[in-house]
Amino acid sequence: MPHPPFHKVLVANRGEIAVRVIRACHELGVRTVAVFSEADREALHVRSAGEAVCIGPAPSSESYLCGEVIIAAALRTGAQAIHPGYGFLSENAAFAQSVIDAGLVWIGPPPSAIESMGSKTGARQRMIAAGVPVVPGTSHAIATAEEALVLAVEFGFPVMIKAAAGGGGKGMRRVDHPDDFASAWRSAQSEARKSFKDDAVYLEKFVDDPKHIEIQVLADAHGHTVHLFERDCSVQRRNQKVVEETPCAVLPNDTRLAMAAVAVQAAEAVGYVGAGTIEFLYSQASGEFYFLEMNTRLQVEHPITEMVTGIDLARAQLRIAAGEPLWFAQKDIVQRGHAIECRVYAEDPSQQFAPAPGRISGLREPGGPWVRVDSGVYAGYEVPIHYDPMIAKLVCWGSDREEAISRTIRALREYRVRGIRTSIPFFAALLRDPDFADGRYSTGFLSPERLTRLTDASRNDEIATIAAALAQFERDTRPSRPESATPRESAWKRSGRPGGA
Amino acid sequence: MPHPPFHKVLVANRGEIAVRVIRACHELGVRTVAVFSEADREALHVRSAGEAVCIGPAPSSESYLCGEVIIAAALRTGAQAIHPGYGFLSENAAFAQSVIDAGLVWIGPPPSAIESMGSKTGARQRMIAAGVPVVPGTSHAIATAEEALVLAVEFGFPVMIKAAAGGGGKGMRRVDHPDDFASAWRSAQSEARKSFKDDAVYLEKFVDDPKHIEIQVLADAHGHTVHLFERDCSVQRRNQKVVEETPCAVLPNDTRLAMAAVAVQAAEAVGYVGAGTIEFLYSQASGEFYFLEMNTRLQVEHPITEMVTGIDLARAQLRIAAGEPLWFAQKDIVQRGHAIECRVYAEDPSQQFAPAPGRISGLREPGGPWVRVDSGVYAGYEVPIHYDPMIAKLVCWGSDREEAISRTIRALREYRVRGIRTSIPFFAALLRDPDFADGRYSTGFLSPERLTRLTDASRNDEIATIAAALAQFERDTRPSRPESATPRESAWKRSGRPGGA
Amino acid sequence: MKYEVTIEGTLRHVTVERRRDGAYRVVVDDVEHIVDLSRPTPDAFQMLIDNASWEAGAVFTPAGWLVDVMGLTTEVEVVDPRRKPIQLSAGTSGGTLSTQMPGRVVRVLVAAGDPVTKGQPLLVIEAMKMENEMKAPIAGTVADIFVAEGQTVESGAKLVRIE
Amino acid sequence: MKYEVTIEGTLRHVTVERRRDGAYRVVVDDVEHIVDLSRPTPDAFQMLIDNASWEAGAVFTPAGWLVDVMGLTTEVEVVDPRRKPIQLSAGTSGGTLSTQMPGRVVRVLVAAGDPVTKGQPLLVIEAMKMENEMKAPIAGTVADIFVAEGQTVESGAKLVRIE
């Protein structure tokens with residue numbers, strides 16, 4: 001066994017990602033400390049870790065976001081390093097700096113790199129300076145419609161007018177033709193003023209029907225940066241990724257390599273160290289791609305890259321943070337086969353994906369060949385209302401895309417979660433959708449109509465009818481037996497072979 | 001989706017292998033029929049299959065070994081083919097022929113190939129004819145000690161004298177030197193006579209401290225045979241494999257390739273079609289290897305080959321049986337990384353591995369990166385007394401052997417089976433054994449002393465003491481609460497952060 | 001036993017009989033099935049329906065059975081016609097809005113006495129970092145508000161009654 | 001509460017107290033531990049022992065607690081010294097051989113009245129395709145044989161009594 005990179009690591013997160021990091025630590029011979037809120041005493045990451053420390057009440061703001069308390073816990077338990085997972089404090093440069101200032105190792109990029117990529121406009125300017133393609137547009141407000149129109153013609157229509165202070169689609173207008181520009185400009189300004197008390201608007205080229213493609217990078221502290229190819233994360237609902245796959249089914253290989261080269265360039269431009277992801281918009285129509293943002297941490301969807309490259313990204317983070325130079329070169333990284341991830345949410349697909357926390361009364365996760373479940377729950381666990389609804393990730397590998405899809409469908413069919421509702425039934429219909437099968441789907445794939453159609457496609461009313469009638473019959477005819485009793489005898493035992501029935 | 005190889009397949013087996021084959025079928029779009037004994041109505045393979053048919057009472061001889069009943073079930077349900085799994089009827093040439101005679105497809109090698117490899121002496125003679133190295137010896141009894149001594153000198157000492165009618169070590173003598181030959185001959189004969197009423201004995205070269213290495217082959221019906229490299233299955237207890245790995249840690253590459261070539265030669269010599277395994281004894285001292293036998297079916301340990309080659313052997317069996325030519329060539333088959341399998345038995349390591357059937361009250365199988373569990377059980381399942389005690393297989397992959405070992409240990413640490421005793425705790429100690437770590441272990445590795453030492457190494461008496469005292473305290477202080485109630489409140493909730501406690 | 005089973009707005013007539021051999025005969029709108037039922041775990045109904053293997057979860061609630069098949073949960077109302085009057089007297093929720101999801105009330109948008117239209121948002125409940133508007137099931141006047149801002153509510157809790 | 005805990009032949013003195021904050025103070029042979037106990041599932045004792053996270057299963061049987069830690073099950077006897085006389089009167093198995101494993105009796109090797117030595121095989125039980133010899137716990141004379149060849153026995157069933 002090689003020397004562990006650390007003696008002990010504190011994992012400043014919860015749920016499946018905390019369990020993921022704890023697993024990587026244990027495999028490397030590193031001891032672990034979990035932190036938990038009062039609502040999480042029974043959480044799986046507490047059960048999985050070597051030690052566990054309570055850091056405060058249920059709300060994240062009073063526990064998982066309390067950097068000082070977490071650093072104190074690390075110092076008290078003798079941890080040498082802190083791994084932030086994703087979300088919570090993972091992209092908080094000030095927290096990263098505090099960890100370092102406390103004499104601990106931060107398992108993530110340098111705070112300066114987090115900072116550089118943290119501001120969207122700052123990152124955009126830095127990327128332009130580094131020669132990385134960004135969506136053509138103005139990073140700041142434009143004074144007049146006339147001035148803006150000149151730029152719009154330069155970018156090429158369609159263009160988007162966006163509120164500088166904006167978000168949530170307010171003060172946003174798509175313009176397809178120069179003739180419509182002036183009126184769209186006025187109405188965008190007016191809506192921006194009403195929504196944000198600020199009528200500043202700016203311009204961006206509209207990327208029609210784009211794919212969301214991202215490149216995984218790994219960089220060590222000795223100046224080596226490599227990429228681990230792409231992930232296609234275009235299946236999104238409410239701007240949240242739902243299904244990811246690698247490789248992208250339709251990306252031309254020269255574009256793939258060009259994006260990867262740009263991603264390495266972007267990471268090097270900010271002195272990146274560790275695991276990171278460069279997100280791009282990719283236009284299938286034009287074949288062009290544009291830098292969107294960089295995630296300076298491990299991604300939710302990192303497992304699909306692991307499955308096709310054979311490289312354990314969480315372990316790599318630990319070894320890099322301990323100062324180890326990369327132990328492989330770019331040419332050693334080869335994509336083999338195809339991998340798909342489905343994010344399992346505690347949400348009810350039949351109720352517009354409303355959150356569905358509650359107790360998991362029964363759980364059987366799928367298994368067998370090339371099926372990986374990164375789970376944050378167990379049978380009997382109560383999914384709390386306080387945190388993100390993602391309870392697990394199903395990751396399947398296949399020697400090709402068809403094999404990966406059919407294996408994922410098989411695994412979804414095995415997956416049993418009782419007691420709460422989840423997005424599981426929805427995925428099997430999604431993976432069978434012909435528009436998913438041909439791989440050309442864009443970020444607009446999951447329209448409300450498609451969501452409804454896919455959910456309806458997973459119904460089995462005939463079977464549900466028979467089950468409900470039998471359940472009622474058992475209830476009516478055996479009133480004295482408590483609900484939880486298990487009748488163990490089967491008709492077969494009494495009747496013998498069915499051939500004779 | 002490509003065309004499924006069959007419309008519907010009947011799986012003539014139970015337990016994890018039935019589930020394994022059902023998974024492969026479902027992934028290929030093939031419908032499935034499970035068969036089950038009256039004791040298996042609630043078995044996982046019945047829950048997993050598309051249809052299920054009861055074929056008789058609990059004893060295998062009245063259910064899983066009843067070929068006629070199984071064929072009738074296939075015909076009645078409209079199955080096109082029968083997959084036998086391993087064990088039961090899988091190497092029964094007469095059954096294979098009956099399946100074919102009934103107009104069904106047999107998912108396995110031709111009955112003639114099963115027949116050829118079924119008799120040990122017949123297979124040996126056929127392999128000698130095909131130029132395959134076998135353990136030097138005489139396949140039949142020798143009349144006199146003098147005659148035998150001449151042969152012994154020719155084979156080279158040490159040699160084994162074995163009872164022709166024998167088994168179980170009776171009538172067996174190891175002879176290291178010509179001077180001891182005559183007396184050993186007499187006592188072997190005498191013991192053979194007493195044990196088997198037959199004093200015929202024969203001679204075999206003794207392979208000192210051998211490894212059990214086997215080569216996986218795949219052959220289609222169009223004359224193409226490939227190998228998928230080796231498995232080291234030397235960790236055995238009572239001649240039963242316990243832990244397998246691939247690649248073998250110490251096999252020189254030229255020997256690996258020579259064995260693989262011989263395996264292909266052996267398969268071709270009997271007109272083999274489908275998935276098969278050629279078992280060899282390999283002497284680390286001399287570097288020589290000898291054909292032992294061929295298993296004309298899928299092996300229990302097939303998953304480790306799948307993990308390093310990326311080739312799904314069960315799917316391959318189905319496609320080959322449907323007449324498809326192999327869709328890859330020998331050069332496309334590459335070993336990547338390292339894989340280890342632990343066979344989880346319902347046996348109590350602290351009681352000399354006595355069988356431990358019973359109800360699994362709680363189950364949490366390990367997950368996360370590169371951990372595969374091929375399970376035949378679920379939480380709440382009653383492991384029956386009637387069948388093999390293997391309840392699941394844990395298979396872990398790593399980019400190298402160290403990673404595979406450390407991942408397996410991590411997964412074992414997560415594995416929770418409550419209600420019955422299993423061999424799980426024993427494996428973690430085994431994988432940490434320095435003699436396992438250096439990879440030079442032979443089939444004699446699991447001596448009784450080592451078994452005891454490894455089992456003792458997995459004790460945690462301090463923790464067990466605290467747990468038992470707390471359990472007793474809870475029982476003593478809350479007599480009114482039923483045993484199954486769950487106190488959900490934690491001390492943290494009441495006390496706040498532990499720093500303040 | 002004869003039942004009226006309503007699922008997704010469709011009414012089906014179902015007859016269930018237990019046969020001597022222990023299997024069930026289930027007739028759904030004139031289509032007959034022979035079902036062997038087993039309960040490998042208390043929450044699982046493992047059915048061999050004419051040999052086809054299916055599994056469902058079924059949980060009894062006052063509103064009916066919550067049945068999940070292949071992961072999708074559906075509310076199924078099963079009524080014994082002979083007991084129908086009793087069943088009906090239990091009443092439906094009418095103008096009372098309840099929550100099917102536990103969470104925290106972050107905003108109450110109406111006050112007692114307010115007139116509301118059907119579908120108008122009445123309050124907002126937050127769960128798992130998402131805000132969800134709870135809408136009026138019928139038009140009318142707000143009669144009672146059972147919860148306050150900041151309060152945590154369990155699944156099934158009554159929120160607002162409309163007259 | 002004070003207990004005498006016997007595990008693998010070693011006796012330990014253990015004191016358990018519940019603190020005001022709900023945590024337990026457990027003293028094992030003078031070594032003090034603060035334990036926060038949670039029961040994520042009824043069969044799991046999830047313990048933070050001085051922050052270290054450990055999990056054990058504990059099942060009560062008349063013979064003591066069956067405790068499993070990291071998969072290894074151990075019998076642990078926990079005695080309250082004040083109740084000791086009562087505990088002792090329950091008696092141990094003495095000369096009675098029971099089976100810890102369910103199975104089928106394939107051979108009975110002795111008859112009532114036979115003298116036997118300690119460790120002598122008395123009968124053979126088959127389970128999971130394996131035959132297991134059941135041996136005499138003490139030397140003496142076979143007083144009773146409770147099972148017959150071919151019979152299926154449950155775990156814990158008495159097999160033979162030796163005097």
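Only heavy atoms go into these numbers, but all of them, side chains included; no hydrogens, no water, no symmetry mates. Keep in mind that what you see is a predicted model, and the values were worked out from it rather than measured. Every chain is numbered from 1 and lettered A, B, ... according to where its sequence line falls, protein lines coming before strand lines.
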Q: Nearest 0.5 angstrom please: B/Leu28 CG to A/Ser406 OG, how far?
A: 6.5 Å
Q: Write down the atom of A/Arg372, the atom of B/Trp370, and the distance for their closest heavy-atom approach.
A: CD-N, 4.5 Å
Q: Examine whether an atom of A/Glu365 lies under 4.5 Å from a heavy atom of chain B, and if so say whether it belongs to the side chain, the backbone or both; otherwise answer neither.
A: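 Neither part; nothing is under 4.5 Å.
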Q: A/Leu363 versus chain B, heavy atoms under 4.5 Å apart: side chain, backbone, both or neither?
A: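 Neither part; nothing is under 4.5 Å.
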Q: Run the salt bridge (charged side-chain N to carboxylate O under 4.0 Å, His left out) test against B/Arg413 and tell me which residues pass, sequence neighbours left out.
A: none
Q: Quick one, A/Arg407 and B/His26 - any side-chain contact, counting heavy atoms below 4.5 Å?
A: no
Q: By a 4.5 Å heavy-atom criterion (distance strictly below it), what part of A/Pro369 contacts chain B: side chain, backbone, both, or neither?
A: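 Contact with chain B is through both the backbone and side chain of A/Pro369.
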Q: Once rounded to the nearest 0.5 Å, what's the spacing between atom CD of B/Glu27 and atom CZ of A/Arg410?
A: 4.5 Å
Q: Over all heavy atoms of both residues, which pair between B/Arg47 and A/Arg416 is shortest? Give the atoms and the distance, please.
A: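 Result for this residue pair: O-NH2, 4.4 Å.
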Q: Please determine, among B/Glu414, B/Arg432, B/Lys393, the option with the most heavy-atom pairs under 4.5 Å with chain A.
A: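 Top count of heavy-atom pairs under 4.5 Å with chain A: B/Glu414.
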Q: Which heavy atom of A/Gly310 sits nearest a heavy atom of B/Arg336, and at what distance?
A: N-NH2, 3.3 Å
Q: Which atoms of B/Leu44 are under 4.5 Å from chain A, going by heavy atoms: the side chain, the backbone, both sets, or neither?
A: side chain
Q: By a 4.5 Å heavy-atom criterion (distance strictly below it), what part of A/Arg364 contacts chain B: side chain, backbone, both, or neither?
A: side chain
Q: Got a second to check how far B/Trp397's CH2 is from A/Asp312's CG, nearest 0.5 Å?
A: 9.0 Å
Q: What residues of residues 15-25 of chain B sit under 4.5 Å from chain A when only non-hydrogen atoms are counted?
A: B/Arg20, B/Arg23
Q: For A/Glu306, is it the side chain, the backbone, both, or neither that has a heavy atom closer than 4.5 Å to a heavy atom of chain B?
A: both
